[in-house]
Amino acid sequence: MTLQEFLADRLGRIALQLICAGLAALFLFATGTQPGVLVLLLPAFLLVFVTVQASDFLRRRARLLELEAVLDGLDRKYLFAECIPRPGDLYERRLFDLIRRAGRAMTGAVSDARASQREYREYVEQWIHEVKTPITAVRLICRELDGETRRKLTAETAKIEAHIERALFYARAENPEQDCLFRQVNLGEIAAGAIENHRSLLIQSGVRVETEGLDRIVYTDEKWAVFILGQLLQNAARYRGTEPVITLSAKSQGKQIQLLVRDNGIGIPAHELPRVFDRGFTGSNGRSRGGSTGMGLYLCQKLSSFLDLGLRIVSREGKGTTVTLTFPLQNCKENQ
C-alpha cells in the first residue's frame, strides 16, 4: 500500500475531520477566543493530525507486508487464513474469523472433490483392466475366422484397444509420479514396443516403418515413452498419404538425444499448428477423416512435460510432418 493509495482511501474521512476542525475554529473565534490563541492551536492540531495519520499509515502498511510475506511463504495458498498472525483490533479479528470459516468450508469442499475424483479415476482404471479380458477373447475368436471378416474385426478391435489405452493414460496423467520409474532405456526398445502395440493399425493402413540409428541409451520412463511414441505413430497412420512411410531416427543434440518421427502424410495446415496440443482440438484433417478425439497430442504434451521431454512439431500441408522428442540428460531427474 502506497501513501497515495492510503490518502485516496481516507479522503472522505480526512475532509470531514478538516471541516470539523474549521468549524471548531470558527466557533472559538465567534465566542471571543483571541486570534493569537487560534494561530497557536492550528499548528498543534495539524501536528497531531499528521502524526496520527502517518502512524496509522505505517501500521497498516507493516501489517499488509506481514500478511503478504506469510502468503508468499505458503505452498498451499488456501491455508492463508489459518496461518496469519492473530489481528490486534476487534474489527480485524472478526473479519479474519469470517475468512477462516470461509476457508475451512472451501478446504472441505476441495477435499471432497479430490476424494470423489480419486474414486472415479480408480473406477475408470479398474474398468479398463476388466474390459481388456473380453477384448482378448475377441482377438482369440478373430483367429478362427478367415478373410475380410477377420481383417475388419481385427482392425476395429485395435481401435478399441487404442481408445482404452488413451483413457487409461489420461486417468493416470493426473498423478503420473505414482506410476513412473525413470531408468536407462534403449531407444530401440521404446520404438519396438510402440510399433508392436500398433502393429495391426500400421499393417491395415499399409504403413511401412523404417528405423535409423536407434541404438542409443536415454533416461526416461519406458512405459510412458512407449505410449507417447505410439500416439505419434497412430497419428501418422491415420493421416497418411499415398505409399505411407514413417521414419524413426535418432541424433545427438549436445548431450541430449533427439528422436525424430517423420512421415510423408497429408501434413497439418500452418494456421492449425499452434493449436495441435490443445485439448479436444481435431483440426480440419480430423473432421474430414473422422475418428479423431483431439486427445492424443494433448496427452503427449502433458506427459512429455512431466518426463522433461522436449516436444516439437514441424509440418507442411501435403508434404508430411516431423515430430521431435528430445530426451533429457540422465541427471536432470536425479537432481530433482
(message) Contact between Tyr298 and Asp278 at the side-chain level, heavy atoms closer than 4.5 Å - yes or no?
(response) no

(request) Report yes or no: does Arg240 contribute a side-chain atom to a donor-acceptor pair with the main-chain N or O of Ala237 at less than 3.5 Å? (result) yes

(message) I'd like to check Leu248 versus Leu214 (side-chain heavy atoms, cut-off strictly below 4.5 Å). Are they in contact?
(response) yes

(message) What I want to find out is whether Lys319 reaches Glu317 closely enough, with some N-O distance under 4.0 Å, to be called a salt bridge.
(response) no

(message) Contact between Ile135 and Glu161 at the side-chain level, heavy atoms closer than 4.5 Å - yes or no?
(response) yes

(message) For the backbone of Trp224 and the side chain of Asp221, can you confirm whether one donor and one acceptor N or O come within less than 3.5 Å of each other?
(response) yes

(request) Could you check if a side-chain atom of Met106 sits within less than 4.5 angstrom of a side-chain atom of Val110, using non-hydrogen atoms only? (result) yes

(message) Using side-chain heavy atoms (C-beta onward) and a distance below 4.5 Å, is Leu67 in contact with Phe96?
(response) yes

(request) Would you tell me whether Arg13 and Gln53 have side-chain atoms, one donor and one acceptor, within less than 3.5 Å of each other? (result) no

(message) Could you check whether Thr321 and Arg262, counting side-chain N and O atoms only, form a donor-acceptor pair closer than 3.5 Å?
(response) no

(message) Is it the case that the side chain of Thr51 and the backbone of Leu47 share a donor-acceptor pair, with hydrogens and angles ignored and the cut-off at 3.5 Å?
(response) yes

(message) Name the residue from Val261, Leu187, Asn197, Ile195 that meets the side chain to side chain contact (heavy atoms under 4.5 Å, CB included) definition with Leu229.
(response) Val261

(message) Tell me whether Asp97 is salt-bridged to Arg100, with the criterion being a basic N under 4.0 Å from an acidic carboxylate O.
(response) yes

(message) Distance alone, cut at 3.5 Å: any donor-acceptor contact between the side chains of Arg238 and Ser205?
(response) no

(request) Establish, from distance only, whether the side-chain atoms of Glu272 and Ser284 form a donor-acceptor pair under 3.5 Å. (result) yes

(request) Flag the pair Arg216 / Ser252 as yes when at least one side-chain heavy-atom distance between them is below 4.5 Å, and no otherwise. (result) yes

(message) When you compare the side chain of Leu311 with that of Thr324, does any pair of heavy atoms fall below 4.5 Å?
(response) no

